[in-house]
Engineer: 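Starting off with a structure, shown below.
Just so it is clear: chains get the letters A, B, ... in the order the sequence lines come, proteins before strands, and each one is counted from 1.
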2 protein chains.
Amino acid sequence: MRVELTTTSGLPRYVQIRESLRAEIAQGIFKPGQKLLSEDELASQYGVSRMTVRQALTDLIDAGIVYRRHGVGTFVSQAHVERDHTKLTNFFEDAEAEGIIARATVLMGEVIPAKRQVAIALNLEEGEPVIRIKTLRFANDVPVTVHDAHIPCKSFPNLLKKNFERTHIWTHMEDYGYRVKRAVQKIEARDADEEMAQLLGIEIGGPILYKERTVYAEDGTPVEFTYCYNRGDTYSLTTVLSR
Amino acid sequence: MRVELTTTSGLPRYVQIRESLRAEIAQGIFKPGQKLLSEDELASQYGVSRMTVRQALTDLIDAGIVYRRHGVGTFVSQAHVERDHTKLTNFFEDAEAEGIIARATVLMGEVIPAKRQVAIALNLEEGEPVIRIKTLRFANDVPVTVHDAHIPCKSFPNLLKKNFERTHIWTHMEDYGYRVKRAVQKIEARDADEEMAQLLGIEIGGPILYKERTVYAEDGTPVEFTYCYNRGDTYSLTTVLSR
DNA sequence: GAGTGGTCTAGACCACCCG
DNA sequence: GGGTGGTCTAGACCACTCG
């Protein structure tokens, strides 16, 4: 038997096979716990070589949709672990995906000498100039986050002239040839001090989800180090772990 | 030119190539930003086919050590983004890795009917019996976390008879044929109520890093749902994001 | 022993990027 | 145009699991 792949679409075959299998699982044609056809069988069904099938399956495994057991087979996972929250997305992208109106006001935009922690994170000498952009972000006009970003001056001349109220810093960074690729963030719980309480409209001592985040470009260059203060009562964060 | 691969070691060739490249990068033979040999060249150097080289490189890319640019080459990443914190590890493993003395005291061990949120997370009917194990965890004898775990009763009979003071729940789960594989957690900042303040030795209203976590076995079955209260002043959490 | 996934080959053509 | 990574083939043998 042979399943036709669209040849007109420019998509690679392994992508078409991956999406075909994903759809069949989503539609319940293959149910949780059930064994898929073997790689050999899939290859002959789709009229491709086994390596191509494996490429499609590997993507589905990474997505947590199926799992392999050596010598046994490939199986549909029980619970479809919800959508991947380890993706690096920005505030405006998130908001758009959830139908929330996003807006930011700039509290501060300046060039300052890098403090020790910022310098280390950005791989600069202490005191080298960094651009500091501090914004207050609103979701549906409710203040949710104070974002205090530090960016190496030398790589992004004239960055401060850009608009930050409706466009994310990362979007502007692409104009300078840097594509944001990964980030490492440290997360803590803190109490709101007077400044944060006032900006976020909560009481002093109220809960704040605090993050320190270093953002790296495609080639691993650190391009942003940010202190991030999120209102504890309206903000939560989801992460996925695996071993 | 040809580089000899150890043929005696049972390791797959792509693993040997991966580790060989990783070592060369660590030793500075290839420096950050530098282009590696092309896949064709590496293949002939190691005396393997190009697909095998690609398998080795793909692992290094996933680890953030190198990156590919279509039509250009494969390059060593600038900053070696620190060790991967998206790995699912348990309290005792973490502590051992960091040289901390870990200990837990059991506050509560009981079988109760599943409340709504627990039932949904564990894919049970509301009211089905679940094992609840509430522990207070100490790092170097300082209380850091209250851990309130819920586990489906039917899959883990007699689990409550096990020891939880020095052995993690997940270790016991392997006796029942379940290997923990992935988890999804929601993270929030909260204020300590009276109970948590007392248990963790902090003031009422002090910061708590609060997590709700669902843990899945290899096949995707949910095996644990936990409420986790971490002392804000001594606990932080690091995550890695990428796009 | 039969069936499965894990590894590997020796090529091929294409799409992309750069000078 | 030349070099690179992206995709793909049509096989092969091995390691693992199970009945």
Side-chain angles (χ1 to χ4, degrees), chain A residues 2-21 30 33-62 65-77 174 177-179 181 218-219, chain B residues 2-21 30 33-62 65-77 177 179 181 218-219:
Chain A
R2 188 177 268 247
V3 177
E4 288 306 322
L5 295 182
T6 311
T7 53
T8 52
S9 90
L11 289 177
R13 294 184 202 214
Y14 78 91
V15 173
Q16 295 181 45
I17 294 167
R18 185 226 296 155
E19 296 311 317
S20 162
L21 289 171
F30 290 99
Q34 193 178 334
K35 190 154 86 75
L36 295 184
L37 298 181
S38 74
E39 297 179 350
D40 273 336
E41 287 169 323
L42 286 172
S44 73
Q45 276 221 6
Y46 284 106
V48 300
S49 77
R50 192 177 145 216
M51 288 299 266
T52 304
V53 168
R54 278 181 69 77
Q55 208 171 347
L57 288 176
T58 299
D59 282 357
L60 294 177
I61 288 163
D62 289 344
I65 292 171
V66 304
Y67 64 100
R68 279 202 267 245
R69 291 182 55 193
H70 191 175
V72 186
T74 306
F75 300 81
V76 179
S77 296
E174 295 189 5
Y178 287 93
R179 254 189 309 179
K181 180 64 182 174
E218 198 180 32
D219 69 350
Chain B
R2 189 176 267 247
V3 177
E4 287 306 321
L5 295 181
T6 310
T7 54
T8 52
S9 90
L11 288 176
R13 294 185 201 213
Y14 79 91
V15 173
Q16 296 181 44
I17 295 167
R18 186 226 296 154
E19 295 312 317
S20 162
L21 290 171
F30 290 99
Q34 192 177 335
K35 189 153 86 75
L36 295 184
L37 298 181
S38 74
E39 296 179 351
D40 273 336
E41 287 169 324
L42 287 172
S44 72
Q45 276 223 3
Y46 284 104
V48 299
S49 76
R50 192 178 145 215
M51 288 298 267
T52 304
V53 168
R54 278 180 70 77
Q55 208 171 346
L57 288 176
T58 299
D59 283 356
L60 294 178
I61 288 163
D62 289 344
I65 293 171
V66 305
Y67 63 99
R68 279 201 266 246
R69 291 183 55 192
H70 191 176
V72 186
T74 306
F75 300 81
V76 179
S77 297
R179 255 190 308 178
K181 181 65 183 171
E218 198 182 31
D219 70 348

Engineer: Report the residues that fulfil side-chain hydrogen bond (donor to acceptor under 3.5 Å, both in side chains) with B:E41, sequence neighbours left out, ordered by chain and then residue number.
Structural biologist: B:S38

Engineer: Return the set of residues passing ring pair (Phe, Tyr, Trp, His ring centres under 6.0 Å) with B:F75 (not counting sequence neighbours), or none when no residue passes.
Structural biologist: B:Y67

Engineer: If a pair satisfies salt bridge (charged side-chain N to carboxylate O under 4.0 Å, His left out) and one of its residues is in residues 48-57 of chain A, list it, with sequence neighbours excluded.
Structural biologist: A:E39-A:R50, A:E39-A:R54

Engineer: Under the rule for salt bridge (Lys or Arg N to Asp or Glu O under 4.0 Å), what residues qualify as partners of A:R69, not counting sequence neighbours?
Structural biologist: none

Engineer: So if I define the base as every atom that isn't primed, P, OP1 or OP2, how would nucleotides 1-10 of chain C read as a B/S/- string at a heavy-atom cutoff under 4.0 Å?
Structural biologist: --BBBBBBBB

Engineer: Excluding sequence neighbours, so at least two apart, what forms salt bridge (Lys or Arg N to Asp or Glu O under 4.0 Å) with B:E19?
Structural biologist: B:R22

Engineer: What integer distance in Å separates B:F75:CZ from C:dC17:C1'?
Structural biologist: 10 Å

